[in-house]
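Just so we're clear, the structure is a prediction, and the values are computed from it rather than from any experiment. When a residue number appears, it is its place in the shown sequence, counting from 1.
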Amino acid sequence: MFFSIRKASNGQYYFVIRSSNNEIVATSETYLTKYSAEKTIESIKNGISPSSIVIDMT
């Protein structure tokens, strides 16, 4: 599983969680700052698997 951070057309940030076969598992809400999106990812990773990688596609 991995996370990819993206920038929405309105300038806010969101992330997509993808499975190991690259299928979308979930899409987050939008966040005003990239920092907020990153903090949410960290919270999810700590609850699921701290070894999950993050791909920043902004």
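Between atom CG of residue Asp56 and atom CD1 of residue Ile41 there is a gap of 8.5 Å, rounded to the nearest 0.5 Å. One distance of note links OH of Tyr31 with CZ of Phe15; it measures 4.5 Å at 0.5 Å rounding.
The two residues Tyr14 and Thr27 make their nearest non-hydrogen contact at CD1-CG2, 3.8 Å.
Listed by chain and residue number, nothing satisfies the salt bridge (charged side-chain N to carboxylate O under 4.0 Å, His left out) test with Lys39 (two or more places apart in sequence, or in another chain). The side-chain hydrogen bond (donor to acceptor under 3.5 Å, both in side chains) search around Ser36 returns Thr33, not counting sequence neighbours.
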Output a table of donor-acceptor pairs, distance under 3.5 Å, between side-chain atoms of residues 1-10 and any protein atom two or more places apart or on a different chain; print 'none' if there are none.
from	atom 1	to	atom 2	distance (Å)
Asn10	OD1	Gln12	N	3.0

Taking it one step at a time, do Thr30 and Tyr13 satisfy side-chain contact (heavy atoms from CB on, under 4.5 Å)?
CA-CA 5 Å; Thr30 56; Tyr13 296 89; over 6 Å; no
Does the pair Thr40 and Glu29 meet the rule for a side-chain contact (heavy atoms from CB on, under 4.5 Å), with working shown?
CA-CA 10 Å; Thr40 303; Glu29 62 183 347; 6.0 Å; no
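There is no path of hydrophobic side-chain contacts, each under 4.5 Å, that joins Ile55 to Ile17.
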